[in-house]
Amino acid sequence: MAKLPFSFYQHEDVNALAVGLLGKQLFTLVDGELTAGTIVETEAYKGVIDKASHAYGGRFTPRTKVMYSSGGLSYVYLCYGIHHLFNVVTAPQGTPHAVLIRGLEPLIGIDVMLRRRNMEVVRPNLTAGPGALAKAMGIDKLLNEKDLLGDEIWIEDTGLKFNEETIAAVPRVGVDYAEEHALLPWRYYIKGNPYVSKPNR
DNA sequence: TTCTCGATTGTCT
DNA sequence: GACAATCGAGAAA
């Protein structure tokens with residue numbers, strides 16, 4: 001087991017990176033409690049040319065500035081005033097690409113995840129969906145702008161590989177406002193995995 | 001300063 | 001299947 005190196009996050013091709021993150025393991029150490037899970041669903045957000053991205057058109061604000069940093073940082077933000085969503089910042093400095101983690105298969109600290117989610121038994125909705133998994137992993141805005149090579153939140157390579165035919169590429173969720181970009185198949189997931197989120201609507 | 005609305009989820013009908 | 005919850009970023013003034 002080894003943390004993904006700095007170089008992993010520097011690729012310009014955010015779509016390839018979103019696929020590459022599938023099967024990797026996301027760890028958090030929050031309040032002394034270790035949790036981890038396998039990434040089974042991601043979405044690519046392609047910087048300034050992507051209408052669904054917060055950095056579309058080169059928008060540079062206090063919130064989005066972390067996306068312009070060199071890859072390998074976390075980008076956590078609050079959505080709908082309720083849910084924290086966790087992104088991996090990618091690409092070299094100046095290119096605001098990011099990958100949203102949407103689905104996670106629990107591995108370590110499942111009891112901790114259940115407590116954080118106020119659940120009794122493990123069901124797929126424990127960590128299926130970006131808001132749900134962030135809560136289960138203890139991710140909130142305090143984990144924004146963290147170095148993914150640090151000891152609070154990081155990603156490890158397990159050597160797990162998937163055949164191309166087990167990876168689905170479909171349009172992203174919840175970005176209808178992005179017009180023609182809403183149709184781009186930049187959502188990736190492991191076919192058949194129960195921890196893949198269900199599109200609402 | 002004020003106003004609008006969202007990369008969602010859980011609950012109720 | 002419809003809808004409320006809830007708050008801060010971003011834009012306009």
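These numbers come from the heavy atoms of this one structure, side chains and all, not from hydrogens, waters or symmetry mates. Just so we're clear, the structure is a prediction, and the values are computed from it rather than from any experiment. Throughout, a chain's letter reflects where its sequence line sits, starting with A, and its residues are numbered from 1.
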Taking A/Tyr188 as the starting point, is it possible to reach A/Phe8 by hopping between hydrophobic residues whose side chains are less than 4.5 Å apart?
yes

Nearest-Å distance, [atom1] ([X]) to [atom2] ([N])?
X        : N      : atom1 : atom2 : value
A/His84  : B/dT9  : NE2   : C1'   : 14 Å
A/Ile139 : B/dA7  : CD1   : C1'   : 15 Å
A/Arg172 : B/dA7  : CZ    : P     : 11 Å
A/Asn125 : B/dT9  : CG    : C1'   : 9 Å
A/His97  : B/dA7  : NE2   : C1'   : 16 Å
A/His83  : B/dT11 : NE2   : C1'   : 12 Å
A/Asp140 : C/dG8  : CG    : C1'   : 15 Å
A/Tyr80  : C/dC3  : OH    : P     : 15 Å

Which one is paired to C/dT6, where only Watson-Crick or G-U wobble pairs with both distances under 3.5 angstrom count?
none

Would you mind pulling out the nucleotide paired to B/dA7, Watson-Crick or G-U wobble, both distances under 3.5 Å?
none

Determine the Euclidean distance between corresponding C1' atoms of B/dA7 and C/dG1; express it in Å to zero decimal places.
22 Å

Nucleotide nearest [X] when distance is taken to its side chain, options [options]:
X        : options              : value
A/Lys141 : B/dA7, B/dT9, C/dG8  : C/dG8
A/Met67  : C/dA11, B/dA7, B/dT9 : B/dA7
A/Leu78  : C/dG10, C/dG8, B/dT9 : C/dG8
A/Arg117 : B/dG6, B/dT9, C/dA9  : B/dT9
A/Arg59  : C/dT6, C/dA11, C/dA9 : C/dA11

Any carboxylate oxygen within less than 4.0 angstrom of a Lys/Arg side-chain nitrogen, looking at [X] and [Y]?
X        : Y        : value
A/Glu41  : A/Arg187 : yes
A/Glu43  : A/Arg172 : no
A/Lys191 : A/Glu165 : no

Return yes if a side-chain donor-acceptor contact under 3.5 Å exists between A/Glu152 and A/Thr28, otherwise no.
no

Compare the aromatic ring of A/Tyr45 with the six-membered base ring of B/dA7 and state whether they stack according to the 5.5 Å and 30° rule.
yes

Does a nitrogen or oxygen in the side chain of A/Thr61 sit under 4.0 Å from OP1 or OP2 of C/dA9?
no

On the nucleotide B/dA7, are OP1 or OP2 found under 4.0 Å from the side-chain N or O atoms that A/Arg102 carries?
no

Can you say whether a donor on the side chain of A/His54 sits under 3.5 Å from an acceptor on the base of C/dA9, or the other way round?
no

